There are 2 protein chains.
Amino acid sequence: MLDATRAALVELGWSKLTLGDVAARAGVAKTTLYRRWPGKSALVVDAVAVLFDELELPDRGSLAADVGGVVRSFAALLERPETATALMALVAESTRDPGLRDRIRTAVVDRQKRLVLEGRARAQARGELPPDADPVAAARQADLVFDVIAGAVVHRVLVSGEPADDAWVTAFTALLVAGLGALTPPG
Amino acid sequence: MLDATRAALVELGWSKLTLGDVAARAGVAKTTLYRRWPGKSALVVDAVAVLFDELELPDRGSLAADVGGVVRSFAALLERPETATALMALVAESTRDPGLRDRIRTAVVDRQKRLVLEGRARAQARGELPPDADPVAAARQADLVFDVIAGAVVHRVLVSGEPADDAWVTAFTALLVAGLGALTPPG
DNA sequence: GTGTTACGCTACGAGCCGTAGCGGAACGGC
DNA sequence: GCCGTTCCGCTACGGCTCGTAGCGTAACAC
């Protein structure tokens, strides 16, 4: 079912995707889809969410290398046509649907944020970042870094429409790591 | 016409917005809309584009203050319900429609990027940033900064779903300015 | 043997899309 | 005063999608 949804997303995109189509591809009655999911948005959330499971963050030895790695893998995910068209449409829908917003958060956003927390803890263990003084300040900084990384990649790939190639990834990583390094030693 | 489109966006959101609705609100026949715009997407692009004209960048005296200013005004624009639901949906559509992508670029993206170029030139005049050595490298850095700023704000407001309040703006500005400052003096 | 659950299939009213066809109003040239 | 052009409003239409209702059936539990 979710496979059929992703296939339909690749071929038709979000706007022209119909539940009748998905049902036909999956060899399933349209009724069954409506019995399991309340609508198009919820179905696509589940279909796309599994793609974010493949995001991992192996230890590459330094904060800069870890940031570069997560940026690269996230960009690779966004350059797949299914995720690109679906993610933006879902975010647009979630603007007017709090329930959908929660689904997206638990199914997609939290899975990415986990990587940031992981890389951050690793950098602290290496001594590249100072340990947490205040836990709420630490959470705020993690959220900030997450928004910067994910936002920049999304904007580069989907809005500016240019690839996140090696040159861009290294430049962005350098900027972010330099900012973190310059900001935290004194404070 | 565009006023009616924005009003319908506020009330219905992107997905439930119909051209018949817009026509009724504008006191105009549905045919007229189709005579002027090829479809829903193009109409909404024009309706939203004018909102980006109010973005300006007064000289606030320092690079940090200028960045904070543009972040604040951009965030205020994104927190309006019309722009939030429309922008993301348009980006989603543009992944499958190169023509729409160009419309968005000229009508929305370029208007924002202008601010970045302006602030950058101003910071160079103040001596806060080094002058351009290589023009293509300068353009690349400007694009990078633009993606970081716009992407972070969009992600914060629309994906994370939390407001870009003063605390966040100052933290983000500090991170970005520190990164720019730490990166460029040696190079 | 029976209740429960889940599914497939058909059919339906409702709504929107995008277009065609027709008639009317404004404007300009002469 | 006459006529061509252009723009608009209005109605109507075929086609498509939505989401639901109704009915029959297969698997499973006990």
Side-chain angles (χ1 to χ4, degrees), chain A residues 1-48 50 81-82 85-86 88-104, chain B residues 1-48 81-82 85-104:
Chain A
M1 297 217 182
L2 301 179
D3 293 343
T5 305
R6 285 191 295 276
L9 270 177
V10 172
E11 195 168 325
L12 303 172
W14 163 269
S15 62
K16 301 194 176 179
L17 177 143
T18 89
L19 287 194
D21 242 47
V22 176
R25 280 169 208 262
V28 157
K30 198 175 56 166
T31 326
T32 304
L33 266 59
Y34 279 101
R35 279 198 259 254
R36 299 212 192 208
W37 289 277
K40 183 165 148 180
S41 307
L43 170 63
V44 173
V45 170
D46 287 358
V48 169
V50 303
E82 324 128 49
T85 189
M88 292 295 98
L90 288 175
V91 171
E93 290 291 304
S94 76
T95 305
R96 314 217 114 234
D97 183 346
L100 180 60
R101 177 187 290 287
D102 290 344
R103 278 174 198 259
I104 296 177
Chain B
M1 295 221 182
L2 301 179
D3 293 342
T5 305
R6 283 191 296 275
L9 271 177
V10 172
E11 196 169 323
L12 303 171
W14 163 270
S15 61
K16 301 193 175 179
L17 177 144
T18 85
L19 288 194
D21 242 49
V22 176
R25 280 168 206 264
V28 158
K30 199 174 58 167
T31 327
T32 306
L33 266 58
Y34 280 102
R35 280 197 259 253
R36 299 211 191 206
W37 289 278
K40 183 166 150 179
S41 306
L43 170 64
V44 173
V45 170
D46 287 358
V48 170
E82 324 127 49
T85 189
L87 263 191
M88 291 295 99
L90 288 175
V91 172
E93 289 291 302
S94 76
T95 58
R96 312 217 115 234
D97 183 346
L100 179 60
R101 178 186 288 286
D102 290 344
R103 277 175 198 258
I104 295 177

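For the numbers below, each heavy atom of this structure counts, side chains included, while hydrogens, waters and symmetry mates do not. Letters A, B, ... mirror the listed sequences (proteins, then strands); counts begin at 1. Predicted model only: the values in this text are computed from it and were never measured.
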### Task
Give one of base, sugar-phosphate or nothing for A:G39, where a contact means two heavy atoms less than 4.0 Å apart.
nothing
### Query
Looking at A:T18, does any N or O in its side chain come under 4.0 Å of the phosphate oxygens OP1/OP2 on D:dC18?
yes
#### Entry: A:R101/A:D97 ion pair, N-O < 4.0 Å
no
### Task
Report the distance from atom CG of B:L33 to atom C1' of C:dC17, rounded to the nearest whole Å.
13 Å
### Summary
Separation of D:dG9 atom P from B:R25 atom CZ, nearest Å, is 17 Å
### Query
Counting distance only, does the side-chain N/O of B:K40 pair as donor-acceptor with the main-chain N or O of B:W14 below 3.5 Å?
yes
### Message
Using a strict threshold of under 4.0 Å (side-chain N to carboxylate O), is an ion pair present between B:E93 and B:R103?
### Response
no
## Note on the structure
Separation of C:dG8 atom C1' from A:Y34 atom OH, nearest Å, is 16 Å
### Message
Tell me the interatomic distance from A:L43, atom CG, to D:dC18, atom P, rounded to whole angstroms.
### Response
11 Å
### Query
Contact class for B:T31 vs. all strands (heavy atom < 4.0 Å): base, sugar-phosphate, or nothing?
base
### Task
Test for a donor-acceptor pair under 3.5 Å between the base of D:dG9 and the side chain of B:R35, counting only N and O atoms.
yes
### Message
How many whole angstroms separate atom NZ of B:K16 from atom C1' of D:dT17?
### Response
15 Å
### Task
Measure the shortest side-chain to side-chain distance between B:L43 and B:L2 over non-hydrogen atoms and say whether it is less than 4.5 angstrom.
yes
### Task
Give the rounded distance in Å between these two atoms: NZ of B:K40 and C1' of C:dC17.
11 Å
### Query
In whole angstroms, how far is the P atom of C:dC17 from the CG atom of B:L19?
5 Å
### Message
Between P on D:dG19 and NZ on A:K30, what's the gap in Å once rounded to a whole number?
### Response
9 Å
